[in-house]
Every structure is written in structure tokens, then in C-alpha cells.
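Contents: one structure, followed by commentary.
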Amino acid sequence: MDDVEIPESHPRYESLLTRHRIEAGVEKGITSQQGLIAQGRGEAYDYLLGEETIETADEAARAAAAHLLSADHAVLSVNGNVAALVPGETVELAEATGADIEVNLFNRTRERMERIAEHLRDHGAEGVLGLEADGRIPNLDHERAKVDADGIGDADVVLVPLEDGDRAEALAEMGKTELVVDLNPLSRSAQTATVPIVDNIIRAVPNVTAHARDLQDASREELDAITESFDRQAALDAAEAAIRSGDLD
Ligand code: ATP
Ligand code: MG
């Protein structure tokens, strides 16, 4: 692909790869310059988490997989950072769970929407929603409210990685089951989520896919048991404690 040569043995391999992908995303016109700042914020939390998936984030990933598998209509929302960092991984998650993919941007422009949709198709996506924008999320300003009526508008379960707080709250108010990936456990997005996955999206999306594959043949009862036993507040508290203690051993 367009990844630079970074030796995998480099102690900060993942972080360097991530930066390169975001930078390439900006160059290709799929990631906004604001996206660079968001990435920087995320990295600081990830550093303090030890750049690893903590146990409660893994439990959240499993609960998210169970929600996606038991949904009537699940949609994975993709913004410029998600498209730059995990395009192929998002397509794999959609395939493993039967979810749709919808492009949704904070700074929405037709050109960037189309570039992201094309980028996702280059990574194997079949249908990419988001360009119709014929549905609205109540209580948001016009541009931020746009969704596809037969995509996020219709979904009962939505995965919104790196979503901004306002939209996350508005989607939750619509009664949707919201699965959020955000490295900041204190952000409003994580705080409003039914399932907050406090982990780097680069690790979280493949992890949700792995859990979904593992749960492929699980019964409805087994899936319900997983979603019901997940404790969102405990997961947020554990992530905050891990970041605050910042034990880097
Ligand atoms: P708040 O939610 O408190 O209002 P915000 O949403 O305005 O804050 P932004 O900088 O807009 O803050 O959001 C970016 C969010 O995405 C941050 O919380 C950051 O931790 C998170 N983030 C950035 N990169 C990643 C990543 N690679 N994986 C997971 N989360 C990330
Ligand atoms: Mg936020």
C-alpha cells in the first residue's frame, strides 16, 4: 500500500505508522487538518495507556461485536480519520457483522465525502452510504444533522469512532445503541456511548472484528448475555484510572 517503510521492531512502530497514515490522508484530501489535531489528542491518551488494549477495552470490543451481530440494522460511521487509519479493517468489520458503511464528516464537503467513499471502495467496500443525506438527526445544526435516511437514519445500532460530542449525544437521544471508539474516557462521546471502547481505533476495529468472528455462531441468548453484563461505567472508570496512574512498565 502507501505505507512507508518503518521497521516493525521500532519501539514506536504503531504510532509512527499511524502518523504516516493520517498525513497521507490529509495529502489525499480525505482527512481534514482538524483531523491532525484530533490524532494528536488521541496519541497523548494512548501513550498513557501504554499503547495497548486494556482489559476493559477488550470487554467493550466484545460487547460491541455482540450488539452489531444482534442488530436489525447496524451502520459503521466513517470520518476522515477513520478512513485514513482503518479503511480495509472497517470493510472487514462490515463483512463480519453484516453492517452498512456510511461516510459522516464533521466538516462536510461533497468532494471529501466522495473521496472517502472512493477510498473505501478501493479497500473493498461494496456500498458506501452518506452521499444521499436525505435524513436528519434532530437538534443539530443543518450540516451536522445530515445522514442517509436508509443508513444511520434507519439504524438501531451505530458504531461511531471518533465522533464529536454533540452528534454522539443527539444520536443517543434518537434511541440508537451507540458504540464509540475514543481514547479519551472523559470525552462526551465516550460518556454518552452505550459501549465506550477506550482504545486506539487502529487496535479497536480489528479487535471488534475478531470478537464478531468468534461470536458468529452464538445464539441470541448468548449475545444478550454479553451485552447485558457489560458495565459501561466500570469500563470508563478503569480507563481513566489507567490513564491517570500512567504506569508505563
Ligand atoms: P469532547 O468530546 O470532550 O468535546 P472533542 O470531541 O472536541 O472533545 P476532538 O479533538 O474533536 O475532541 O475529538 C477527537 C477525539 O478522538 C479525542 O477524544 C481523541 O482522544 C480521539 N482520538 C483521536 N485519534 C484517535 C485514535 N486513533 N483512536 C481513538 N481515539 C482517537
Ligand atoms: Mg469527543
Side-chain angles (χ1 to χ4, degrees), residues 3 6 12-26 30-54 56-61 63-64 76-90 93 104-108 112 116 119 137 139-141 143-144 158-173 178-209 232 235-244 246:
D3 286 339
I6 303 166
R12 315 234 32 248
Y13 170 76
E14 209 182 64
S15 163
L16 294 176
L17 183 65
T18 303
R19 284 185 196 176
H20 173 72
R21 287 192 183 169
I22 286 281
E23 211 186 317
V26 174
I30 59 178
T31 306
S32 70
Q33 297 204 12
Q34 288 281 330
L36 292 170
I37 297 167
Q39 173 62 29
R41 288 179 61 156
E43 266 192 37
Y45 294 110
D46 204 17
Y47 198 100
L48 293 169
L49 278 172
E51 295 174 341
E52 63 177 21
T53 301
I54 63 172
T56 46
D58 185 54
E59 287 163 13
L76 315 180
S77 173
V78 172
N79 65 18
N81 285 46
V82 176
L85 293 175
V86 284
E89 293 85 345
T90 299
L93 177 58
N104 257 289
L105 303 182
F106 188 81
N107 301 305
R108 188 186 180 102
R112 212 150 67 77
I116 291 174
H119 184 66
I137 304 171
N139 305 320
L140 287 180
D141 67 80
E143 278 308 298
R144 299 289 300 129
V158 284
L159 175 76
V160 281
L162 326 184
E163 182 58 277
D164 94 296
D166 272 1
R167 259 170 64 105
E169 276 176 359
L171 285 168
E173 276 164 25
E178 200 168 12
L179 319 171
V180 164
V181 180
D182 194 318
L183 277 159
N184 178 5
L186 298 174
S187 86
R188 279 183 302 152
S189 328
Q191 295 279 339
T192 8
T194 316
V195 179
I197 307 174
V198 183
D199 200 5
N200 196 321
I201 187 153
I202 249 180
R203 298 187 298 270
V205 170
N207 196 26
V208 176
T209 304
R232 58 180 302 288
L236 290 169
D237 291 346
E240 188 183 340
I243 288 168
R244 285 192 190 278

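Every number for a ligand or one of its atoms is a count from 1 in the order of the listing.
- Atoms of ligand 1 found under 4.0 Å from any heavy atom of N184, numbered from 1 in the order shown, are 18 (O), 20 (O).
- Not one N or O of D164 is nearer than 3.5 Å to an N or O of ligand 1, by distance alone.
- Side chain to side chain, R167 and N104 meet the donor-acceptor criterion of an N or O pair below 3.5 Å.
- Between the side chains of D182 and S187, at least one donor N or O lies within less than 3.5 Å of an accepting N or O.
- A donor-acceptor contact shorter than 3.5 Å is absent between the side chain of R112 and the backbone of L105.
- Looking at R41, R188, E43, it is R41 that brings a heavy atom closest to atom 5 (P) of ligand 1.
- Of all heavy-atom pairs between E89 and P206, the closest is CG-CG, 4.0 Å.
- Close approach of ligand 1 to Y45 is summarised as follows: ligand atoms under 4.0 Å from at least one heavy atom of the residue are 20 (O).
- By the salt bridge (charged side-chain N to carboxylate O under 4.0 Å, His left out) test, E173 is found to be paired with no residue, residues two or more places apart in sequence or in another chain being considered.
- Listed by first then second residue, pairs satisfying salt bridge (charged side-chain N to carboxylate O under 4.0 Å, His left out) with a partner in residues 192-202 read D199-R203, not counting sequence neighbours.
- A salt bridge is defined here as a Lys NZ or Arg NE, NH1 or NH2 lying under 4.0 Å from an Asp or Glu carboxylate O, and E240 with R244 meets this definition.
- Ligand 1 lies within reach of L162, whose nearest heavy atom is under 4.0 Å from it.
- In this structure, I37 has no heavy atom closer than 4.0 Å to ligand 1.
- Nearest to atom 18 (O) of ligand 1 by heavy atom, out of L186, V180, D182, is D182.
- Proximity of L85 to ligand 1, defined as any heavy-atom pair under 4.0 Å, is confined to the side chain (atoms from C-beta onward).
- Listed by atom number, the atoms of ligand 1 under 4.0 Å from Q39 heavy atoms are 24 (N), 27 (N).
- Of all atoms in ligand 1, numbered sequentially from 1 with element shown, those under 4.0 Å from a heavy atom of D199 are 28 (N), 29 (C).
- Residue-to-ligand polar distances place L183 within reach of ligand 1: an N/O pair is separated by less than 3.5 Å.
- Contact check on E163 versus R144 returns a salt bridge, with a Lys/Arg side-chain nitrogen under 4.0 Å from an Asp/Glu carboxylate oxygen.
- At least one N or O atom of I201 sits closer than 3.5 Å to an N or O atom of ligand 1.
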